[in-house]
Amino acid sequence: MKSSSSSRGDRRLSILSGHLAPRTIDKEGSGIFCSPTSAADSVFANVVRAPEDPILGVTIAYNKDPSPVKLNLGVGAYRTEEGKPLVLNVVRQAEKLLVNDRSRVKEYLPIVGLADFNKLSAKLILGADSLAILGNLVTTVQCLSGTGSLRVGAEFLARHYYQRTIYIPNPTWGNHGKIFTLAGLTVKTYRYYDPVTRGLNIQGLLEDLGSAPSGAIVLLHACAHNPTGVDPTLEQWEQIRRLIRSKSLLPFFDSAYQGFASGSLDEDARSVRMFVADGGECFIAQSYAKNMGLYGERVGALSIVCRTADVASRVESQLKLVIRPMYSNPPIHGASIVSTILKDRNLYQEWTLELKAMADRIITMRKQLFDALRARETPGDWSHIIKQIGMFTFTGLNTKQVTFMTREYHIYMTSDGRISMAGLSSRTVPHLADAIHAAVTTIA
Amino acid sequence: MALRTPITKRFISSSHASRSISSWWKHVDPAPKDPILGVTEAFLADPHPDKVNVGVGAYRDDNGKPVVLDCVREAERRIAGNLNMEYLPMGGSNKMVEETLKLAYGDDSDLIKDKRIAAIQALSGTGACRIFADFQKRFSPDSQIYIPVPTWSNHHNIWRDANVPQRTFHYYHPESKGLDFAALMDDVKNAPNGSFFLLHACAHNPTGVDPTVEQWKEISYQFKVKGHFAFFDMAYQGFASGDPERDAKSIRIFLEDGHLIGCSQSYAKNMGLYGQRVGCLSLVCEDEKQAVAVKSQLQQLARPMYSNPPVHGALIVSTILGDPDLKQLWLKEVKGMADRIIGMRTSLRENIEKLGSTLSWEHITNQIGMFCYSGMTPEQVDRLTKEFHIYMTRNGRISMAGVTSGNVEYLAKAIHEVTKAA
């Protein structure tokens, strides 16, 4: 050791004297300190404040509003008729079982997560009788909800796939683009929503995917497209499938609403199963945030359907290398709840009923809003409200109209005109209908 | 109509499903097993009755059983039947973050009062380090990270995946099985001004070798001279000495000297919340405005990775730390865990010495925290595994948490057997 006691003494004196000297902070913020012991400039002095997330920012604004009639139709979290968040009965039961099981510990899960959970999740999306599962062609890893599943899948693609371009629908969930970009993929869009019909622009979709380079990745919303609520019909899905397979495009499904859209888990999985049935490969991101109400627990799964079991096994080993330096292994609580429910026949049954009830309530809200606008003779065709499916309705309102509705009626929604139907109740539908009516008749 | 792609020469008929197509992933190599987590997998697969797992750093009680702390059970009881499981904000639970900052920076920290710390809830220590590494890449794109030799193997993976170039600095001194302080200081002095350094706040993993208070002060001073950035990975606060305040001493020294540090905190070990993935990433800024800006940017990195962090573990932490009685219970339980480990260190050393080993084993009791860097070679470790069914990482790192009064003699015997002169 090199330090001598005298230099240590000098240093101590200088530290002490430093405390006695006043700190000078440059008012312009360059942070120049004259004391030898004070901080140098921050290495991050150049960091500017990031813009608010457009979706999560809506709730922040809503929370600040003191109005008693305010309505939060922003973020897609389910609400009851009473406007309250909902913890499903089966989830409460599952939690109780877990808490009372003293033999359970909180050790690290494996990198790929809870094995039971993974198997059950694959079965849920692919079907209990899936040949792909039977043939061990599927690797499933637990991830942090839909976001985490998409990110891990995208990172794998950026490392191991020869095509670095992903096509995402226009419009799509605001976070999709960022996820893929940060993972190292190039993002392009394909036409999806037709503002004139407020339905699917199937021609545009087929043209754009048709001109994509062979092998490009294609993001598909399995059901209940976010934000538009516009889904292809089964016939249209078949057209899309043929095109994708004929060009060797790689489908990447985002399944965030299985069971939530139609009320039937199998029905909402049909698009995915159609693709898997033709023997081709695909990626699937699943989320339990909405259909099990486990939002904050961050539960999801990434499944990759491969051609052979050997490939699936190697792919899984490489997924671990993506996950380990990101967060090592996934959180245990939410996955344990899901696993408990999915493997118990009674709990599973009960879950399907609770799920159907949530989906039915939303469908009812659609009907009520549509009727309310018709009763007010609000100009325009509002049938898309009952044609669109899932949690969201793309109203077709423009940014100015949205701003008006927020200002005058305290309606909080994203500026693209998307409303979360889950945030409505029979009590609040009239207020929303009034707001839409006023916006449409006041502002072009 | 048949289509042929140049890459795989696949033939696609529009009327058939793509049955004859080969996989896109044929070229994917099987990945090597994680050196640490692979050890437990091997241990679990071993049927031998005397097998011992001193591999992964998860605490065990004296019966070799994993532990759920009483304060955690009580907290879980209280939060069961929770009103909702809604999304946390992107930055996580504010309450949990506030309590966590107090642990690292001090209850009365001016930095906290002045709101100068940008902090987000993170996915345990790994997640905190990764978000920091991504942030470093984005906002100091020309910087590199200096990493001690040796370090937790995943540190290298984290900064590599964040695309931050890595350099190393001397840390462990194999001859003394202690700190190579002179070489460390040389590396600090020779690094270009304003370099980024990764420091283990306490209980260095894997060596268990920590600088003394005096040495930390010198390191801090030299960092000032060079204008270096210090990022502390604190995964074992409370676990090292049994006293969280004492274990945060290195950080407090740097703060006293005015450094604007970064810090990763984990509750995996000290609250036994391993699988819940609860931690915190914090960055000290010049003022509140900068802290707000930095936090918003940290959130921008979290959003496309996992949107917002898991709520359950955070609730457990804030329930415990927010209740004075539960917090006291936690402190008592942490001290209990640390004391058991310190006791096992003494016991292991004594047992090996009792067997007449001519080697020095004082490093077992000099080192601190969960791990002991035994100094054994990979070949000796392999013998331990093959002949004695003792599982540890091949760098000779022993997780003391896996040592019990029931297996310490067996372990000592085995270690003596493979290390004694032939």
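All chains are named by letter (A, B, ...) in the order of the sequence lines, taking the proteins before the strands, and each is independently numbered beginning at 1.
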Whether the side chain of [X] engages the backbone of [Y] through a donor-acceptor N/O pair (distance < 3.5 Å, no angle test) should be reported.
{"X": "A/R151", "Y": "B/P304", "answer": "yes"}
{"X": "B/E86", "Y": "A/A77", "answer": "no"}
{"X": "A/R324", "Y": "B/N154", "answer": "no"}

Identify which part of [X] has an atom lying under 4.5 Å from any heavy atom of chain B, answering side chain, backbone, both or neither.
{"X": "A/I323", "result": "neither"}
{"X": "A/S328", "result": "both"}
{"X": "A/K178", "result": "both"}
{"X": "A/L182", "result": "side chain"}
{"X": "A/L150", "result": "neither"}
{"X": "A/L243", "result": "neither"}
{"X": "A/Q318", "result": "both"}
{"X": "A/F275", "result": "neither"}
{"X": "A/P330", "result": "backbone"}

Under 4.5 Å from a heavy atom of chain A, the part of [X] involved:
{"X": "B/Q299", "value": "neither"}
{"X": "B/K269", "value": "side chain"}
{"X": "B/P309", "value": "backbone"}
{"X": "B/F229", "value": "side chain"}

Please determine, among [options], the option with the most heavy-atom pairs under 4.5 Å with chain B.
{"options": "A/H176, A/K96, A/R159", "result": "A/R159"}
{"options": "A/T181, A/N329, A/V299, A/V99", "result": "A/N329"}
{"options": "A/E297, A/K84, A/E95", "result": "A/E297"}

(request) Using the test side chain to side chain contact (heavy atoms under 4.5 Å, CB included), find all partners of B/A293 that sit at least two apart in sequence or belong to another chain. (result)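 For B/A293, the residues satisfying side chain to side chain contact (heavy atoms under 4.5 Å, CB included) (neighbours in sequence not counted) are A/V47, A/R49.
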(message) Which residues pass the side chain to side chain contact (heavy atoms under 4.5 Å, CB included) test with A/D310, not counting sequence neighbours?
(response)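 So A/D310 forms a side chain to side chain contact (heavy atoms under 4.5 Å, CB included) with A/T308, A/R314.
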Straight-line distance of [X] [atom1] to [Y] [atom2], nearest 0.5 Å:
{"X": "A/T147", "Y": "B/M305", "atom1": "OG1", "atom2": "CE", "value": "11.5 Å"}
{"X": "B/N157", "Y": "A/M326", "atom1": "CG", "atom2": "CE", "value": "12.5 Å"}
{"X": "B/D161", "Y": "A/E155", "atom1": "CG", "atom2": "CD", "value": "7.0 Å"}
{"X": "B/Y87", "Y": "A/R298", "atom1": "OH", "atom2": "CZ", "value": "6.0 Å"}
{"X": "B/R277", "Y": "A/I332", "atom1": "CZ", "atom2": "CD1", "value": "10.5 Å"}
{"X": "B/N308", "Y": "A/L144", "atom1": "CG", "atom2": "CG", "value": "9.5 Å"}

Please report the closest heavy-atom contact between [X] and [Y], naming both atoms and the distance.
{"X": "A/E107", "Y": "B/Y274", "value": "OE2-CE1, 3.7 Å"}
{"X": "B/S296", "Y": "A/A50", "value": "OG-N, 2.8 Å"}
{"X": "B/M85", "Y": "A/Y295", "value": "O-CB, 3.3 Å"}

(message) Over 60° means perpendicular and under 30° means parallel, so tell me whether A/H333 and B/H312 are parallel, tilted or perpendicular.
(response)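 The rings of A/H333 and B/H312 lie parallel, inter-plane angle below 30°.
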(message) Quick check for you: among B/D134, B/L123, B/L88, which has the greatest number of heavy-atom pairs under 4.5 Å with chain A?
(response)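 Looking at each option in turn, the highest pair count goes to B/L123.
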(request) Please determine, among B/R77, B/R303, B/Q297, the option with the most heavy-atom pairs under 4.5 Å with chain A. (result)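 Most heavy-atom pairs under 4.5 Å with chain A: B/R303.
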